[in-house]
Every structure is written in C-alpha cells, then in structure tokens.
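The structure under discussion appears below in the form of structure tokens.
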Amino acid sequence: MPLYLTQTHIVRLGPATWCATARVNALAHKHIDEPPYLSKYDLIIPMDDTQQWQYCREAADISAPDRAQQRQLQRQGVRLLLQQLLTKLQIDDTLNESAFPYQLARSKYYVCFSHTGAKNTDDTDNSNTQPTSCLDNQVAVILSQHRPAGIDVEANEVAWQVARRFYADKEKAVLQRLPAWQRDAIAKRLWQIKESYIKVYQYTLAQGLGIDYAYLIEDLIDSVIDDHHLMTVMDKKTGYRITIIPRQHIVLVF
C-alpha cells in the first residue's frame with residue numbers, strides 16, 4: 001500500500017535537538033498514483049520564534065483501514081518521517097531498535113516517536129479519481145544528541161474522571177481549584193508530560209502517571225491562556241525542558 005507524508009514541519013528545539021511532524025496517508029486504490037491534495041514542504045522554526053504553525057489543505061475524510069493495518073502504517077509513517085528528518089539534516093545513519101530508548105546506530109542520537117489515531121468516516125464517492133481508503137494520522141519524532149527525549153501527540157481530551165484515577169493527590173488538589181476549562185486543559189498537558197517522561201525514563205505506565213508534577217501547573221496555566229504559540233517551560237527538578245506546541249497537540253521533553 002503506497003505511503004506518503006503531507007504537512008511536514010521541522011522545528012529546531014536546540015543546538016542538537018529537532019522535532020518533525022507530518023500527516024501519514026496510505027492509499028488503498030490501485031489506480032491512484034498521487035492524490036490531488038498531496039502537498040510536501042519543510043518549515044524550519046527556531047525555538048524562540050512565535051510564528052504560528054501554518055496548515056495545508058486537509059486530506060479528505062474517508063474510511064480508515066482496520067486497526068492492525070492502521071498500527072502498521074503508523075509504525076511505517078514515523079520511520080518515514082525520521083528518514084526525511086535525517087535527510088534534511090544530512091545525517092547518514094539508521095535506527096537501532098534493539099533497546100529502549102531508541103538510538104541511531106552510529107551517531108547515537110536518541111529517537112522518540114508518537115502518533116495520533118485515525119479518523120473514520122464513510123466515503124460515498126466511488127469514482128476512479130478519488131482514493132477509496134486513506135489513513136490520515138499525525139506522526140511525530142524528536143531527535144536529540146545528548147540525552148533521551150520524549151514526545152507525545154494527543155488530539156483527544158483527557159477526561160477529568162480519568163485524570164483523577166492516576167494523578168498524584170497534590171496535582172488533583174491544585175487542579176480542582178481551577179476553573180473547569182482550565183483544569184481540563186492543564187490535565188491534558190500534564191498527561192502528555194507524563195507520557196513523555198515515561199519514554200525518557202522508561203517508567204511503567206502506572207509509575208509515570210502517578211509521579212507528582214504539581215510544581216509545573218502554575219507555568220502550564222500560561223500555555224492554555226495563550227494556546228497559539230510554542231511555549232517552553234524549564235523543569236527544575238529534572239533539568240529537562242518541556243516544549244508545548246498547542247496547535248499540533250504536541251508536548252516534548254528534552
């Protein structure tokens with residue numbers, strides 16, 4: 001099944017740290033070589049730039065493959081994105097997947113992947129000029145030279161009832177004092193931070209979700225008030241930087 005990326009963006013987060021995002025699409029119609037909405041480009045944005053992320057035209061909403069095939073395409077998509085990033089950076093290397101966290105085989109750069117789920121809609125156009133099945137997912141990768149990094153893409157909201165099951169008592173106490181819209185938005189940010197740290201330190205899911213990051217909440221409030229621009233928070237306890245890209249639903253820890 002042909003696989004291609006659209007809406008590719010590359011961000012330089014630091015001297016030797018990069019993030020790339022794209023949408024991965026897979027055509028199932030054998031007569032289609034290249035869809036009319038295909039658009040490929042690179043956008044390099046320095047970390048302190050407040051330029052808003054720009055979007056290309058969305059791919060058509062059509063039926064997704066079954067879950068097993070979807071996961072395989074996501075796996076291929078993030079690796080294709082990594083290869084495009086390495087090509088852009090003129091790094092000649094391959095991914096070593098023998099242990100976590102992933103690293104490049106020769107240069108030893110650390111690599112971390114993330115992706116969203118697919119949209120599922122009914123396609124009523126059965127003409128030969130449109131694909132009959134397409135996977136339209138966001139995929140993301142972070143590449144870091146000096147230490148493990150984490151990334152999480154989460155387009156869906158995190159229900160407060162779910163957060164309450166896993167979050168530390170102090171986190172819940174601070175969040176409950178906020179207006180509901182702010183509480184829910186920061187609960188999602190915290191979830192993504194926890195997911196990213198799980199990838200950095202190889203915690204189990206239960207361990208990672210239960211760690212107390214209440215000390216970050218005050219800084220995270222700014223990220224939900226201004227949800228248009230890239231924002232970076234310094235985690236003084238771990239020494240890691242946390243970058244939030246609201247329009248792309250991405251959180252990075254590096």
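All figures in this text were calculated on a predicted structure; none of them were measured in a lab.
- Separation of atoms CD1 (I245) and CD1 (I151) is listed at 7.0 Å; rounding is to 0.5 Å.
- For Q72, the CD atom counts as densely surrounded, since its 6.0 Å shell holds more than 12 non-hydrogen atoms of other residues, nucleotides or ligands.
- Cluster annotation: V200 and Y110 are assigned to distinct hydrophobic clusters (Ile/Leu/Val/Met/Phe/Trp/Tyr, side-chain heavy-atom contacts under 4.5 Å, transitive).
- A cation-pi arrangement is absent between R189 and Y213 under the rule of less than 6.0 angstrom and at most 45 degrees off the ring axis.
- Nearest heavy-atom pair, S144 versus A149, reported as atom, atom and distance to 0.1 Å: CB-CB, 3.9 Å.
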Quiz prompt | CA sep, side-chain torsions, deciding dist, call: L89, I10, side chain to side chain contact (heavy atoms under 4.5 Å, CB included) | solution = CA-CA 10 Å; L89 300 177; I10 298 174; 5.5 Å; no
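- The heavy-atom pair separating V153 from A140 by the smallest distance is CG2-CB, 3.6 Å.
- Here the closest non-hydrogen pair linking M234 and G239 is CE-O, 3.4 Å.
- Remark: side-chain polar atoms of Q207 are paired, donor with acceptor, to backbone N or O of T204 under 3.5 angstrom.
- For T17, there are no side-chain hydrogen bond (donor to acceptor under 3.5 Å, both in side chains) partners two or more places apart in sequence or in a different chain.
- Cluster membership for V251 and L230, using ILVMFWY side-chain heavy atoms within less than 4.5 angstrom, is not shared.
- Counting heavy atoms from C-beta outward, L81 and V24 have side chains that stay 4.5 Å or more apart.
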Show the atom names and distances, to 0.1 Å, of all donor-acceptor pairs under 3.5 Å that link a side chain in residues 154-166 to residues at least two apart or in another chain.
from	atom 1	to	atom 2	distance (Å)
E154	OE2	N156	N	3.0

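- With hydrophobic clusters built from ILVMFWY side chains whose heavy atoms lie under 4.5 angstrom apart, F254 does not share a cluster with I211.
- Note on L252: it does not cluster hydrophobically with V224, by side-chain heavy-atom contacts below 4.5 Å among ILVMFWY residues.
- What you find for L13 and R241 is that their closest heavy atoms are O-NH1, 4.4 Å.
- For residues 90-109, the set of pairs meeting the side-chain hydrogen bond (donor to acceptor under 3.5 Å, both in side chains) definition, not counting sequence neighbours, comprises R75-E97, R79-E97, D93-S107, N96-S98.
- For the atom pair CG (D235) and OH (Y215), the distance works out to 3.5 Å, reported to the nearest 0.5 Å.
- For the pair Y167/K194, a side-chain contact is recorded, criterion being any heavy-atom separation below 4.5 Å from C-beta on.
- Taking the side chain as every heavy atom from C-beta outward, Q202 and P148 never approach each other to under 4.5 Å.
- Under the 4.5 Å side-chain heavy-atom criterion for ILVMFWY residues, a single connected hydrophobic cluster contains both W181 and I186.
- Counting all heavy atoms, side chain and backbone alike, Q248 lies closest to T21 at NE2-OG1, 3.6 Å.
- Using a 4.5 Å heavy-atom threshold, the side chains of I193 and L220 count as touching.
- Ring geometry for Y197 against Y201 counts as parallel: the plane angle stays under 30°, on a 0 to 90° scale with 60° as the upper cut.
- Note that NZ of K172 is 10.5 Å distant from CG of D212, once rounded to the nearest 0.5 Å.
- The shortest non-hydrogen separation linking R183 to L175 is CG-O, 3.3 Å.
- Once rounded to the nearest 0.5 Å, the distance linking CD of Q7 with CG of N25 reads 8.5 Å.
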Practice problem: I would like to know whether S114 and E195 meet side chain to side chain contact (heavy atoms under 4.5 Å, CB included); could you show each step before the answer? | Solution: CA-CA 10 Å; S114 187; E195 289 269 15; over 6 Å; no
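- Remark: I142 CD1 to L82 CG distance equals 12.0 Å, nearest 0.5 Å.
- Once rounded to the nearest 0.5 Å, the distance linking CD1 of I242 with CG of D219 reads 8.5 Å.
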Quiz prompt | Candidate pair L178 and I221, rule side chain to side chain contact (heavy atoms under 4.5 Å, CB included), full reasoning | solution = CA-CA 10 Å; L178 299 175; I221 289 175; 4.2 Å; yes
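- In this structure the side chain of H249 never reaches within 4.5 angstrom of the side chain of T116, judged on heavy atoms.
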Exercise. Test L216 against K237 for side chain to side chain contact (heavy atoms under 4.5 Å, CB included), laying out the working first.
Key: CA-CA 10 Å; L216 294 174; K237 284 194 176 183; over 6 Å; no
